[in-house]
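Read through the structure below, which is laid out as structure tokens, and then see the notes.
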Protein chains: 2
Amino acid sequence: MYTARDARQIARQDARPYSHILDKLRGAGLRPTRQRMALAKLLFEGGDRHLTAEMLHADAQAANVRVSLATVYNTLHQFHRAGLLREIVVDSQRSYFDTNMSDHHHFYFDRTGDLTDIPGDQVAISVLPPAPEGMAVSRIDVVVRVRPQDD
Amino acid sequence: MYTARDARQIARQDARPYSHILDKLRGAGLRPTRQRMALAKLLFEGGDRHLTAEMLHADAQAANVRVSLATVYNTLHQFHRAGLLREIVVDSQRSYFDTNMSDHHHFYFDRTGDLTDIPGDQVAISVLPPAPEGMAVSRIDVVVRVRPQDD
DNA sequence: GTCAAGTTTAGAATAATTTTAATTTAAATG
DNA sequence: CATTTAAATTAAAATTATTCTAAACTTGAC
Ligand SMILES: [Mn+2]
Ligand SMILES: [Mn+2]
Ligand SMILES: [Zn+2]
Ligand SMILES: [Zn+2]
């Protein structure tokens, strides 16, 4: 229904977004299917985002993109494996995905479940033990949990 | 079936563990019921532990303590609220509880799901942004994710 | 002992996520 | 283009972790 040719045609008229997204998928070795294109547009056009599968699914509905929740989950995991998304663990009940791939950390608002970025250069860890024998550090996550100044 | 009087009687014969645990529960304003005593013993006698509800439930079975999984969940949350346990978020699918209440951080072994402590004094954060307006920092979690030196 | 409040539990319910298996689509091939 | 094949999508069922419900016990006063 929506072919790569269509995408190229549209891209010609409004060059930036589609070709950017197309390249992103191609570069990741993922077929630019209709639903992946739509989800990628929602994810990557419009700044850094932190979202759950349900949130992205709701976004899609709101944009009149019909995608199953299973596909949203599949897509988020594929994008994650392809290095287009980060997975952030702040809530032990649901997964958040982060479109900001730069080195950074997070404020987590316990009350609301909101996440905001702390740019990498605003955090410095000056002391850290060596990784355990035979292990390599794959990532260091700093989560600053905050709440309103009462309670 | 198991009264405070029983507990005191047993405590007299083998003074340390029971009275220690009893005090812990009393201090937290929690009734020392049979199941809470047993779970507290499993949790707090025998060094620092990181465990899930399922793990504690299995521990209880192995020790011939019959407790429902619902009670294990209830107890973990009560202990957490009472400040006897920490909840650690490293896996977005399950909750871990930590009996080590001192200021410390963690290595997380992605492959195996294991957690090990990094003593508080082995981590120093020398740069950190101020908390957002009207917010107070409730905790800073540093998780060092590690994996075998290949892949 | 009596009683009220707190606790336990089996089982049902919920929420997030994954799996299954049938159907559709994308890209490669001729 | 038409054909073919592998990959992707999806509705629906299944799974996993966790919470809720409501009835049956305990606990700690009095
Ligand atoms: Mn889940
Ligand atoms: Mn869950
Ligand atoms: Zn982020
Ligand atoms: Zn710990």
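Here is how names work: the chains are called A, B, and so on, in the same order as the sequence lines, proteins then strands, and each is numbered from 1.
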Query - Under 4.5 Å side-chain linkage, directly or through intermediates, the cluster mates of Ile125(A) - result: Phe107(A), Phe109(A), Ile118(A), Val123(A), Leu128(A), Met135(A), Val137(A), Ile140(A), Val142(A), Val144(A), Val146(A), Phe107(B), Phe109(B), Ile118(B), Val123(B), Ile125(B), Leu128(B), Met135(B), Val137(B), Ile140(B), Val142(B), Val144(B), Val146(B)
Query - Whole angstrom value for the distance that separates P of dG6(C) from CZ of Arg26(B) - result: 17 Å
Query raised in the report: What residues form a side chain to side chain contact (heavy atoms under 4.5 Å, CB included) with Tyr73(B), not counting sequence neighbours?
Result: Ala53(B), Leu69(B), His77(B)
Requested in this report: Calculate the interatomic distance between Gln93(A) atom CD and dT15(D) atom C1'; express it in whole Å.
Outcome: 15 Å
**Report entry** With Met55(B) via side chain to side chain contact (heavy atoms under 4.5 Å, CB included) - residues at least two apart
**Finding:** Leu51(B), Thr52(B)
Requested in this report: With sequence neighbours left out, write down each residue that passes salt bridge (Lys or Arg N to Asp or Glu O under 4.0 Å) with Asp103(B), or none if nothing qualifies.
Outcome: none
Query raised in the report: Along nucleotides 5-10 of chain D, 5' to 3', which nucleotides get a B, which get an S, and which get a -, given that the test is a protein heavy-atom distance under 4.0 Å?
Result: --SSSB
Report task. Report the distance from atom CD of Glu54(A) to atom P of dA16(C), rounded to the nearest whole Å. Result -> 6 Å
**Report entry** Atom pair distance, as rounded to whole Å: CD in Glu87(A) and P in dA16(C)
**Finding:** 15 Å
Report task. Under 4.5 Å between side-chain heavy atoms, chaining through other members, with only Ile, Leu, Val, Met, Phe, Trp and Tyr counted: pull out the rest of the cluster around Ile88(B), sorted by chain and number. Result -> Val90(B), Tyr96(B), Tyr108(B), Leu115(B), Val143(B)
Query raised in the report: dT19(D) C1' sits how many Å from Arg94(B) CZ, rounded?
Result: 17 Å
Requested in this report: Tell me yes or no: between the side chains of Thr71(B) and Gln35(B), is some donor less than 3.5 Å from an acceptor?
Outcome: no
Query raised in the report: Under 4.0 angstrom, heavy atoms only, what part of the nucleic acid is His77(A) near: base, sugar-phosphate, or nothing?
Result: sugar-phosphate
**Report entry** dT18(D) OP1/OP2 closer than 4.0 Å to side-chain N/O of Tyr73(B)
**Finding:** yes
Query raised in the report: Does anything in residues 53-67 of chain B pair up under side-chain hydrogen bond (donor to acceptor under 3.5 Å, both in side chains), and if so which pairs, sequence neighbours excluded?
Result: Arg49(B)-Asp59(B)
Report task. Could you tell me the separation between the CZ atom of Phe97(B) and the P atom of dA17(D), rounded to a whole number of Å? Result -> 14 Å
**Report entry** side-chain hydrogen bond (donor to acceptor under 3.5 Å, both in side chains) partners of residues 129-144 of chain B, not counting sequence neighbours, each pair once
**Finding:** Arg145(A)-Asp141(B), Arg139(B)-Asp141(B)
**Report entry** N/O (side chain, Ser95(B)) to phosphate O (OP1/OP2, dT18(D)) under 4.0 Å
**Finding:** yes
Query raised in the report: Is the closest side-chain donor-acceptor distance between Asp98(B) and His104(B) under 3.5 Å?
Result: yes
Query raised in the report: Which whole-number value in Å describes the distance from Asp91(A) CG to dA17(D) C1'?
Result: 13 Å
Report summary line: Rounded to 10°, the helix from dG1(C)-dC30(D) to dG30(C)-dC1(D) deviates from straight, judged by its five-pair end axes, by 30°
**Report entry** Between dG28(D) (P) and Leu25(B) (CG): distance, integer Å
**Finding:** 10 Å
